Amino acid sequence: MAESFVIQGGKPLRGEIKVAGAKNVALKVLIASLLTKDELILHNIPVIDDVIRLLEILKSLGIKSNIDGHTVSISSKNIKSTTVPLEVGARIRASYLALGPLLARFGEAIIPNPGGCRLGARPIDRHIEGLQKMGANIKYYSEDGYFHATTKKLHGTTYHFDKNSHTGTEALILAAVLAEGETRLQNAAEEVEVDDLIQCIQLMGGHIERKPNREIVIEGVSKLHGAEYTIMSDRNEEVTFAIAAAMTKGYLIVKNSTPHTLTPFLKEFQKSGGIVEKISDTVTKYSAGKKYVPTHVTTLPHPGFMTDWQSPWALFMTQANGSSTVHETIFENRFSYVEELKKMGANIEFYEPKINNPKDYYNFRWEDHSDGCCQAIRIVGPTKLHNAVLSMHDLRAGATLLIAAMSAEGKSYIQNVEQIDRGYERIDKRFKAVEADIIRVTEGGP
Ligand code: EPU
């Protein structure tokens, strides 16, 4: 049933809040359980819709799991199917990562075309090409919407990513770890979430090493064993909290904080006038400043300013005194929140930056870029935001609109909050505990 948030804005957030485990690691380590018959015990798993749905998908393959608080015990001893069902698989983008492990262990896999956040075309050509080089035979049938894959045996290869791919790198690691021989991934993604997955697989007995110059070398092993692993904090959630504190003119003392994963964000936040205090190695206090200066950010692969941070950042810049810009280079369609912020009075316009060679410059395929949309926005502030009825198209945009509503004057409504629930655990309850006024209502009444 569709749910909405009713938010009375204008209340400063104040108090302590704990960052949950990283969604973009949780989904991958759960998939890594397919690599062994033994039990994997995973701690700090966020209890979010994407995780619950992925566990359902894994259950349909015969995988047993048990959640106790934030610990998931999972065992792939008795796999009975190598087909990820279309109806759930297409809703959890990360489920296609099961392709490599299923091929490596069973020589076959049928996987639906990935879904997930609507950020553009989001093809997986780089993953497929890499797996084909490892000896997989993969065909996509548009009649049934599935990738059909088989292999006699995956073998090591050298694969060079033309452009950065976060999950592409993870997909090939998950396949190469049980392949025969050595795999070298060149121009591999450096996102810290990839390293967290690598650490978990190393504990399971995988031989994976990061080398200089964006190379990862994997020496295939014949089998992996069980392990116990605690996943990292969600750095995107920490950014959400920092911006929420600043936008609502309050403060948040953030526990399970990982500032070393947020360097480009913290630099811009402080430069603009946001206040950051280190309380301890794992606790950071974020507070509102008195006024903010405009900034110019361009999203980039690690170690740059992350694409996931650009929507809360653009919101923050509505409070800066002057003209700011945000240039998105990773996805061709990650500005769905702009029209919603404009409903609240934000002064934002699109423009197309002049780029000499967009085909090479942008991380997405330039042919997926539509002539009708732009890769950058100009935000002029400061603007006092007011209430509105809002809807969202992706997870980070959803969290951004929630912060906007908490900071705006009056009562706002956010519809179809399942996009937020996909990636943020009980976000309404956690914000209420730091003095936000949010009510969750189901369609038809509270
Ligand atoms: N791309 C291709 N072909 C490929 C792979 C990627 O054209 O084979 C394009 C994509 O369409 C995109 C760009 O290259 O335009 C970057 O894609 P990448 O593979 O790096 O990103 P992703 O794996 O689709 C992950 C996260 C995103 C996060 C980005 C950037 C997961 C499940 N998703 O996406 O997280 O924004 O990396 O770090 O790990 C989110 O959490 O809401 C989210 C969208």
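Each ligand, and each atom within it, is numbered from 1 in the order the structure gives. Please read all numbers here as calculations on a predicted model, not as lab measurements.
- Any N or O atom pair closer than 3.5 Å counts here, and S165 shares at least one such pair with ligand 1.
- Interface of F364 with ligand 1, defined as ligand atoms under 4.0 Å from a residue heavy atom, comprises 15 (O).
- The aromatic ring centres of F241 and Y286 sit 6.0 Å or more apart.
- In E193, neither the side chain nor the backbone holds a heavy atom less than 4.0 Å from any atom of ligand 1.
- Considering backbone and side-chain N/O of R126, one or more are found under 3.5 Å from N/O of ligand 1.
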Between side-chain atoms of residues 65-72 and protein atoms elsewhere (two or more places apart, or another chain), which donor-acceptor pairs fall under 3.5 Å?
{"unit_1": "H70", "atom_1": "NE2", "unit_2": "E425", "atom_2": "OE1", "d": "3.1"}
{"unit_1": "H70", "atom_1": "NE2", "unit_2": "E425", "atom_2": "OE2", "d": "2.8"}
{"unit_1": "T71", "atom_1": "OG1", "unit_2": "H43", "atom_2": "ND1", "d": "2.9"}

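- A distance below 6.0 Å separates the ring centres of H327 and Y362.
- The proximity of K163 to ligand 1, defined as any non-hydrogen pair under 4.0 Å, does not occur for either the backbone or the side chain.
- At under 3.5 Å, a nitrogen or oxygen of D125, whether backbone or side chain, sits near a nitrogen or oxygen of ligand 1.
- For ligand 1, the atoms closer than 4.0 angstrom to any heavy atom of R396 are 40 (C), 41 (O), 42 (O).
- Residues passing the side-chain contact (heavy atoms from CB on, under 4.5 Å) test with T263, sequence neighbours excluded: none.
- The atoms of ligand 1 that sit less than 4.0 Å from any heavy atom of R365 are 7 (O).
- Ligand 1 places these atoms under 4.0 Å from at least one heavy atom of M306: 38 (O).
- We find the CD-CZ distance between E129 and R126 to be 9.5 Å, quoted to the nearest 0.5 Å.
- Ligand-side atoms of ligand 1 in range of T307: 30 (C), 36 (O), range being under 4.0 angstrom from any heavy atom.
- Ligand-side atoms of ligand 1 in range of I330: 12 (C), 13 (C), 15 (O), 16 (C), range being under 4.0 angstrom from any heavy atom.
- Salt bridge present: R210 and D195 bring a charged side-chain N and a carboxylate O closer than 4.0 Å.
- Between the side chain of K64 and the backbone N or O of I74, no donor-acceptor pair lies under 3.5 Å.
- Taking the ring centroids of F316 and F269, they lie under the 6.0 Å cut-off.
- In summary, E328 and R334 do not engage in a salt bridge, as defined by a charged side-chain N under 4.0 Å from a carboxylate O.
- Ligand 1 is approached by K28 to a heavy-atom distance shorter than 4.0 Å.
- The aromatic rings of F305 and W309 sit perpendicular to each other, their planes meeting at more than 60°, with 30° as the lower class boundary.
- When N363, D308, V25 are ranked by how near their heavy atoms come to atom 43 (C) of ligand 1, first place goes to D308.
- Using a 4.5 Å heavy-atom cutoff, the side chains of R235 and E191 are in contact.
- Under 4.0 Å is where a charged nitrogen must lie from a carboxylate oxygen, and between E340 and K343 at least one such pair does.
- Look at P123 and you'll find a heavy atom under 4.0 Å from some atom of ligand 1.
- The option from R93, Q419, R334 that lies nearest to atom 44 (C) of ligand 1, judged by heavy atoms, is R334.
- Of all atoms in ligand 1, listed by their number and element, those nearer than 4.0 Å to a heavy atom of L395 are 42 (O).
- Counting heavy atoms closer than 4.0 Å to ligand 1, residue E129 contributes nothing at all.
- The shell of residues lying under 4.0 angstrom from ligand 1, judged by heavy atoms, excludes H369.
- Residue contacts with ligand 1 for K23 involve side-chain atoms from C-beta outward but no N, CA, C or O (heavy atoms, distance under 4.0 Å).
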